[in-house]
Amino acid sequence: MENIRFVIITGLSGAGKSQAMRSFEDLGYFCIDNLPPMLIPKFAELAAQSEGKINRIALVSDIRGGEFFTSLLEALQALEDIGFDYEILFLESDHDVLIRRFKETRRRHPLASLGSILEGIKEETNRLAMIRSKADKIIDTTALTPQQLKEEITSLYAPDSEQENILITLVAFGFKYGVPLDADLVFDVRFLPNPHYVEHLRPLTGNNEEVKEYVWKWTITHKFFQKLVDMIQFLVPCYIKEGKPQLVIAIGCTGGKHRSVSMVNELGKILSGKNYRVIKEYRDIDKA
């Protein structure tokens with residue numbers, strides 16, 4: 001199935017599969033954790049019948065499945081039999097690092113019942129040897145931080161979509177109603193000339209051309225906006241590099257009806273022109 005990217009994540013317990021799954025979720029993949037292997041071919045068929053609604057899939061299948069996991073090779077053969085393309089991402093790490101991670105998190109290794117953590121890791125390594133040999137990509141997370149692992153996954157599975165990997169929400173709000181609790185960045189434009197005091201503009205909003213012309217006829221508006229754009233264009237790539245999937249930028253005036261709305265609209269045009277995904281919200285525009 002050429003239009004579907006189907007990634008099976010597996011590997012050693014403690015090597016970072018949960019973090020990898022979260023990274024795939026941030027990339028927009030449909031993710032499933034610990035799916036029994038016997039269900040993988042059925043799910044693949046459902047994805048193929050979704051008419052493109054499910055076209056990027058990442059699922060974790062590992063030793064936690066117990067006896068079910070032993071059928072993973074059969075499931076992979078079933079995918080090949082129906083002509084369904086898939087990729088295997090295998091995560092591993094040095095044994096001493098895995099031991100330290102289990103001790104730090106106080107979690108039990110799935111095969112610890114066989115003895116010590118180290119013995120469980122060795123047994124798991126042996127059981128996964130065949131799957132590892134079939135892997136398309138192997139990532140050793142021994143020296144990787146969670147952020148570095150995310151960057152590695154992004155480079156492998158979404159190399160050309162850095163800008164698409166962050167959703168920017170621009171919020172126009174009124175300070176008289178409170179600052180948005182979900183805002184990452186807050187900017188105050190109450191210092192700009194206020195259309196509220198122009199009688200024929202008062203009932204209108206920043207979405208009206210007359211209000212827009214009033215807000216943007218002032219030199220101070222243009223100076224502030226240029227500095228704002230410079231700051232946002234500097235910050236967004238930094239947030240992307242840090243792995244932030246969503247950024248909420250709130251711009252407030254007194255009532256959230258005129259200046260903030262006009263400012264959000266113009267900033268939205270700039271960011272959309274840079275191919276970022278942008279959502280605009282006017283949270284207080286309809287309030288008295």
In Å and rounded to the nearest 0.5 Å, what is the [atom1] to [atom2] distance from [X] to [Y]?
X    : Y    : atom1 : atom2 : value
I57  : L35  : CD1   : CG    : 10.5 Å
E124 : R127 : CD    : CZ    : 8.5 Å
I270 : N265 : CD1   : CG    : 12.0 Å
M231 : K227 : CE    : NZ    : 9.5 Å
T254 : D284 : OG1   : CG    : 11.5 Å
T169 : R277 : OG1   : CZ    : 9.5 Å

When you look at [atom1] of [X], are more than 12 heavy atoms from neighbouring residues, nucleotides or ligands closer to it than 6.0 Å?
X    : atom1 : result
K217 : NZ    : yes
Q77  : CD    : yes
K137 : NZ    : yes

The complete set of salt bridge (charged side-chain N to carboxylate O under 4.0 Å, His left out) pairs with one or both residues in residues 257-272, sequence neighbours excluded, reads K212-E266, E266-K269
Compare all side-chain heavy atoms of [X] with those of [Y] and state whether any distance is below 4.5 angstrom.
X    : Y    : value
V189 : L228 : no
D26  : K150 : yes
N207 : I285 : yes
I139 : L89  : yes
L79  : D85  : no
Y282 : T205 : no
I249 : I168 : yes
L118 : H95  : yes

Could you pull out the closest heavy-atom pair between [X] and [Y], with the gap in Å?
X    : Y    : value
L156 : R5   : O-NH2, 3.4 Å
V211 : G206 : CG1-CA, 3.8 Å
S61  : L72  : OG-CD1, 4.1 Å
L201 : P195 : CB-O, 3.7 Å
G11  : D62  : O-CB, 4.4 Å
F84  : A44  : CE1-O, 3.4 Å

For [X], what residues pass the salt bridge (Lys or Arg N to Asp or Glu O under 4.0 Å) criterion, not counting sequence neighbours?
X    : value
K122 : none
K280 : none
E213 : none
E281 : R283

Test of understanding: clusters of I, L, V, M, F, W, Y form through side-chain heavy atoms closer than 4.5 Å, transitively. Do [X] and [Y] belong to the same one?
X    : Y    : result
L247 : F187 : yes
I220 : V264 : yes
V229 : I240 : yes
V171 : L267 : no
L170 : F234 : yes

Run the numbers on I32 and V60 for side-chain contact (heavy atoms from CB on, under 4.5 Å), then give the verdict. CA-CA 6 Å; I32 303 176; V60 173; over 6 Å; no
Got a sec, which residues hit ring-ring contact (aromatic ring centres under 6.0 Å, His included) with F224, two or more places apart in sequence or on another chain? F191
Residues that F173 engages under ring-ring contact (aromatic ring centres under 6.0 Å, His included), provided they are two or more places apart: F175
Give a yes or no answer on whether the side chain of [X] reaches the backbone of [Y] with a donor-acceptor pair at less than 3.5 Å.
X    : Y    : result
S262 : H258 : no
D188 : R190 : yes
N208 : E210 : no

Test side chain to side chain donor-acceptor pair (under 3.5 Å) applied to [X] - qualifying residues, sequence neighbours left out:
X    : result
S23  : none
D136 : none
Y214 : none
R202 : none

Charged N to carboxylate O under 4.0 angstrom, E87 versus R56? no
Ion pair present between D184 and K244, side-chain N to carboxylate O less than 4.0 angstrom?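 The answer is yes: the pair qualifies as a salt bridge.
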Take T145 and L149, measure what side-chain contact (heavy atoms from CB on, under 4.5 Å) needs, and give me the verdict at the end. CA-CA 6 Å; T145 64; L149 174 58; over 6 Å; no
Show the numbers, then the answer: is there a side-chain contact (heavy atoms from CB on, under 4.5 Å) between L185 and I251? CA-CA 8 Å; L185 301 172; I251 300 178; over 6 Å; no
Return each pair, listed once, that meets ring pair (Phe, Tyr, Trp, His ring centres under 6.0 Å) where at least one residue sits in residues 16-59; pairs must be two or more places apart or across chains.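 Qualifying pairs, neighbours excluded: F24-Y29, F24-Y157, F30-F43.
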For the residue pair W216 and H222, categorise the inter-ring angle as parallel (less than 30°), tilted (30 to 60°) or perpendicular (more than 60°).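 Correct class here is perpendicular.
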So, applying side-chain hydrogen bond (donor to acceptor under 3.5 Å, both in side chains) with T141, which one of Q148, R101, E152 is it?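 The passing option is R101.
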Between L91 and L12, does the side-chain contact (heavy atoms from CB on, under 4.5 Å) criterion hold? Intermediate values first, please. CA-CA 6 Å; L91 302 182; L12 299 179; over 6 Å; no
How about T142 and S93: does a side-chain donor come under 3.5 Å of a side-chain acceptor? yes
